[in-house]
Amino acid sequence: MASSSMPGGVLRRSDSVADMMPEALRQSRYQMKRCFQRYVSKGRRLMKNRQLVEELERSADDDKLEKAKLAEGFLGYVICSTQEAVVLPPFVAFAVRTNPGVWEYIKVHSGDLSVEQVTPTDYLKCRETLFDNKWARDDNSLEVNFGALDLSTPHLTLPSSIGNGTQYVSRFMSSKLSGKPENMKPLLDYLLALNYHGEKLMISETLDTVDKLQTALLLAEVFLAGLPRNTPYQKFEPKFQEWGLEKGWGDTAETCRETLNCISEVLQAPDPVNMEKFFSRVPSVFNIVIFSIHGYFGQEKVLGLPDTGGQVVYILDQVRALEEELLQRIKQQGLNITPKILVLTRLIPEAKGTKCNVELEPVEHTKHSSILRVPFKTDDGKDLRQWVSRFDIYPYLERYAQDSSVKILDILEGKPDLVIGNYTDGNLVASLLSSKLGVTQGTIAHALEKTKYEDSDVKWREMDQKYHFSCQFTADMIAMNTSDFIIASTYQEIAGSKEKPGQYESHYAFTMPGLCRYATGINVFDPKFNIAAPGADQSVYFPFTEKEKRLTDMHPQIEELLYSKEDNDEHIGYLEDRSKPAIFSMARLDKVKNITGLVEWYGQNKKLRDLVNLVIVGGLLEPSQSKDREEIEEINKMHSLINKYQLKGQIRWIKAQTERVRNGELYRCIADTRGAFVQPALYEAFGLTVIEAMNCGLPTFATNQGGPAKIIVDEVSGFHINPLNGKEASDKIAGFFQKCKEDPIYWNKMSTAGLQRIYECYIWQIYATKVLNMGSIYGFWRTLNKEERQAKQRYLQMFYNLQFRQLVKTVAKLGEQPTQPAESTAAARIVPRPKERQGPFLRNLLKRGIASNLLRPILPTSNFSKDAA
């Protein structure tokens with residue numbers, strides 16, 4: 001196996017693989033010629049990392065010494081760091097990823113071993129050649145380079161810093177605001193603009209210079225020093241107003257003094273720590289809108305319905321945490337303001353026994369948060385009655401954004417302060433609303449479909465009729481680039497690991513031949529990326545050892561659910577030996593969640609079957625009950641595997657459970673058997689069920705592909721499993737239970753370690769604090785570099801109008817026949833193609849302020865085409 005570490009030390013970002021590779025090739029010229037001949041011997045093809053490594057090893061034949069030399073040398077490192085290569089004999093083009101987020105593209109001639117560094121565009125053209133040679137060679141093919149529109153936006157440089165956006169932004173703002181007094185004008189303007197429904201906050205218009213503000217702050221600080229610390233703000237409010245200071249500084253003399261000190265330090269000598277602290281105290285966020293459109297969004301009886309899973313749980317817990325933090329902040333700011341949080345989702349008249357047909361529903365355990373459901377409309381203006389798959393949702397979204405906007409402005413009696421999108425559809429609508437209203441936007445992907453399906457970008461045509469990836473990937477690009485900040489649950493979600501790119505990183509440079517080439521899609525070194533890990537509702541998911549809190553009245557139901565021997569509409573299979581521990585998994589039935597993979601691992605591993613039972617909660621039990629294409633395939637596969645491995649007596653398959661509280665007790669009942677939770681997904685952005693299981697005290701095995709690899713410290717607080725190696729994964733699970741059989745204390749040790757990990761890192765209060773700080777910091781950040789931001793916004797609006805709108809026409813609405821997707825849309829003739837990265841043409845346009853004028857005439861007149869940045 002080739003080495004994944006750089007021989008002789010770390011490869012710096014300034015080091016070029018292309019510069020270092022020729023000498024390395026010369027040192028092993030004979031073997032390298034053999035290796036490259038093997039690469040090109042089968043003609044044009046796309047080679048993945050494993051194939052490249054295998055061919056490298058075979059080139060050394062049986063010479064172990066030479067094989068070791070190759071593997072441990074620089075070439076072994078380069079090949080191991082290559083994610084894929086395009087073979088176009090006599091050339092091989094490599095996409096080399098030396099570190100998370102750091103890519104280099106090189107082309108090697110297999111004959112003379114000459115090496116050339118190429119641009120991302122050149123590499124993507126090589127890739128396109130394999131799938132659409134005519135389009136690859138067309139100089140007028142549509143190319144988009146969003147990176148060329150961020151010329152003056154500072155970026156992080158270290159892979160280890162990725163996801164620390166707020167800290168970096170605070171450092172940059174400190175630098176930008178320091179020095180001359182006039183540098184503070186943007187901050188002063190921001191403070192002067194603070195208001196709630198027209199009522200001024202913090203400072204009045206009389207403090208229109210930095211000197212006046214500093215004088216007022218000094219007077220207030222001296223005055224407060226003579227007051228008891230708990231003196232209510234109302235007692236000295238008239239005095240503050242004499243000096244031009246309005247409400248919002250605090251509820252007592254002490255909290256006012258702390259905020260005054262904070263801004264005084266920022267004005268005198270700004271530094272990142274004070275900057276972050278100051279923005280955490282600024283009264284700027286009161287009303288929040290959260291979009292989660294697809295699936296059945298509700299508080300009960302929805303989990304497990306099509307397109308409905310962990311995202312719903314995440315958002316409901318998120319809302320409760322945000323409201324609690326908002327109320328605490330508003331009280332501390334001394335304000336008498338009622339915050340509002342609206343979760344915007346789709347109203348579905350045919351609600352399947354849920355409340356998804358109710359327009360306005362209060363969120364349980366909150367005082368000021370509601371679910372607002374807005375229907376999709378048919379062409380004749382009627383409410384669309386049926387559920388629509390998340391893959392077929394795109395024709396309804398623009399009208400939905402318009403209708404939602406009207407409802408939001410009415411209920412909130414004005415604009416929201418922060419808009420947060422979820423998944424592709426919610427993020428696109430959040431982008432439209434943010435652009436229309438000029439408000440701060442946050443983005444949460446949850447799952448980016450491009451990373452779930454290998455080569456789904458270059459093979460988009462094969463999948464488009466089923467998944468409409470042409471629309472989805474375009475919408476993702478628009479949302480990511482429109483957003484002010486992006487919230488990820490883990491570092492892995494953004495930038496992956498040393499071996500594998502993250503979800504967002506996979507959108508850095510990619511191509512959809514015949515449609516669009518993204519020379520830069522999104523750069524993970526952009527400071528908009530932030531990590532905020534969610535938690536689980538600890539009133540629902542608490543340890544099985546807390547006997548006094550256990551929901552014993554549910555035990556008869558759970559007993560029947562797990563152990564009755566009769567098949568019915570809710571479960572099939574049975575557990576013959578109840579004395580065995582149970583391994584448990586709960587997820588939607590789709591390919592990526594890999595529940596059928598777990599069943600197959602179990603069926604094939606005799607030792608595991610001897611040690612434990614298998615309990616699955618997921619999906620529906622019969623294909624005739626589902627309308628979801630992928631779920632139907634997985635249901636059929638489940639039945640096939642149960643029969644193939646004769647699992648009845650060892651497996652209980654329970655249909656998706658929608659009662660969250662009972663699910664919490666179900667986790668604990670599995671823990672009573674001294675079982676374990678297994679999350680076998682091929683990729684998981686975060687892994688909320690992992691958090692839930694660990695909260696309940698269940699030792700947990702989870703995929704090493706994505707977020708769970710960060711949640712769990714392998715063999716310390718749980719276990720990583722490789723979903724691509726079922727035998728290894730099932731052996732690891734069997735090994736754990738064998739060890740527990742020999743040493744029962746080991747089970748307790750892993751259970752306790754999992755709980756400790758949760759309490760240290762994964763609670764909602766930490767999450768809410770981070771997200772509200774982001775809303776405040778990026779609310780100011782977006783006021784800087786306005787001209788460049790507006791130019792990019794117009795570019796994105798043009799891309800939306802001329803590209804996305806055309807693609808949407810290829811997606812059939814319910815009851816319609818789809819139109820054939822065009823090879824590329826009108827945007828190919830109109831959208832400017834910036835040069836690689838910082839192209840001089842676009843740079844000059846931006847410097848002269850010309851770009852916005854060039855783009856403006858192209859925009860159609862619609863509710864969502866005006867600039868509100």
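All values derive from a computational prediction rather than experimental measurement.
- Counting heavy atoms of neighbouring residues, nucleotides and ligands inside a 6.0 Å radius, atom NZ of Lys749 does not exceed 12 of them.
- For the pair Lys450 and Phe510, the cation-pi criterion (under 6.0 Å, within 45° of the ring axis) is fulfilled.
- Using a 4.0 Å cut-off between charged nitrogen and carboxylate oxygen, Glu742 and Lys739 do not count as a salt-bridge pair.
- With hydrogens and angles disregarded, a donor-acceptor distance shorter than 3.5 Å links the side chain of Asn605 to the backbone of Leu608.
- Within the 3.5 Å criterion, the main-chain N or O of Asn773 finds no donor-acceptor partner in the side chain of Ser776.
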Subject >> side chain to side chain donor-acceptor pair (under 3.5 Å) between Asn695 and Gln538, worked out >> reply: CA-CA 7 Å; Asn695 253 305; Gln538 293 183 329; 3.3 Å; yes

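- The existence of a salt bridge linking Arg588 and Glu634 is excluded, since no basic side-chain nitrogen approaches an acidic carboxylate oxygen closer than 4.0 Å.
- Donor-acceptor pairing under 3.5 Å is lacking for the side chains of Gln756 and Thr752.
- A 6.0 Å sphere centred on CD of Glu324 holds no more than 12 heavy atoms belonging to other residues, nucleotides or ligands.
- Between Arg668 and Glu546 there is no salt bridge, since no side-chain N of the basic residue sits under 4.0 Å from a carboxylate O of the acidic one.
- Arg171 contributes no side-chain N or O that, together with a main-chain N or O of Pro272, makes up a donor-acceptor pair within less than 3.5 Å.
- Salt-bridge formation is not detected for the pair Lys637/Glu631: no Lys NZ or Arg NE/NH1/NH2 atom is positioned less than 4.0 Å from an Asp or Glu carboxylate oxygen.
- Between the CD1 atom of Ile420 and the CD1 atom of Ile486 there is a distance of 13.0 Å, given to the nearest 0.5 Å.
- Centroid-to-centroid, the aromatic rings of Trp747 and Phe544 come within less than 6.0 Å.
- Here Asp271 does not pair with Lys277 in a salt bridge; the nearest charged N to carboxylate O distance is not below 4.0 Å.
- By the neighbour-count criterion of 12 heavy atoms within 6.0 Å, atom NZ of Lys549 is densely surrounded, having more than that number from other residues, nucleotides or ligands.
- Of the candidates Asn594, Val599, Ile595, Ile595 is the only one forming a side chain to side chain contact (heavy atoms under 4.5 Å, CB included) with Ser585.
- Electrostatic pairing of Lys591 and Glu630 does not count as a salt bridge here, judged by no charged N lying under 4.0 Å from a carboxylate O.
- Phe677 pairs in a ring-ring contact (aromatic ring centres under 6.0 Å, His included) with only one of the listed residues (Phe719, Phe736, Tyr667, Phe701), which is Tyr667.
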**OP:** Please test Trp601 against Tyr645 for ring-ring contact (aromatic ring centres under 6.0 Å, His included), starting from the C-alpha separation and ending with a verdict.
**Re:** CA-CA 10 Å; Trp601 303 348; Tyr645 294 107; over 10 Å; no

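- By the neighbour-count criterion of 12 heavy atoms within 6.0 Å, atom CD of Gln328 is sparsely surrounded, having that number or fewer from other residues, nucleotides or ligands.
- More than 12 non-hydrogen atoms from other residues, nucleotides or ligands lie less than 6.0 angstrom from NZ of Lys452.
- Between Arg662 and Asp553, none of the side-chain N atoms (NZ, or NE/NH1/NH2) sits under 4.0 Å from a carboxylate O, so this pair counts as no salt bridge.
- Of the residues listed (Asn663, Asp672, Leu551, Leu666), the one engaging Ile558 in a side chain to side chain contact (heavy atoms under 4.5 Å, CB included) is Leu666, and it is the only one.
- The line from OH of Tyr504 to CG of Asp476 is 8.5 Å long, rounded to the nearest 0.5 Å.
- In the displayed structure, Lys547 atom NZ is contacted under 6.0 Å by more than 12 heavy atoms of other residues, nucleotides or ligands.
- Of the charged side-chain nitrogens involved, none lies within less than 4.0 Å of a carboxylate oxygen, so that Asp610 and Lys607 do not count as a salt-bridged pair.
- Taking CE of Met774 as the reference point, atom CD1 of Ile487 lies at 5.0 Å (rounded to 0.5 Å).
- Salt-bridge check for Glu325 with Arg320: failed, with every basic side-chain N at 4.0 Å or more from each acidic carboxylate O.
- Within the 3.5 Å criterion, the main-chain N or O of Phe525 finds no donor-acceptor partner in the side chain of His155.
- Side-chain N or O atoms of Asp307 include one that pairs as donor or acceptor with a backbone N or O of Arg390 at under 3.5 Å.
- A cation-pi arrangement is present between Arg578 and Tyr563 under the rule of less than 6.0 angstrom and at most 45 degrees off the ring axis.
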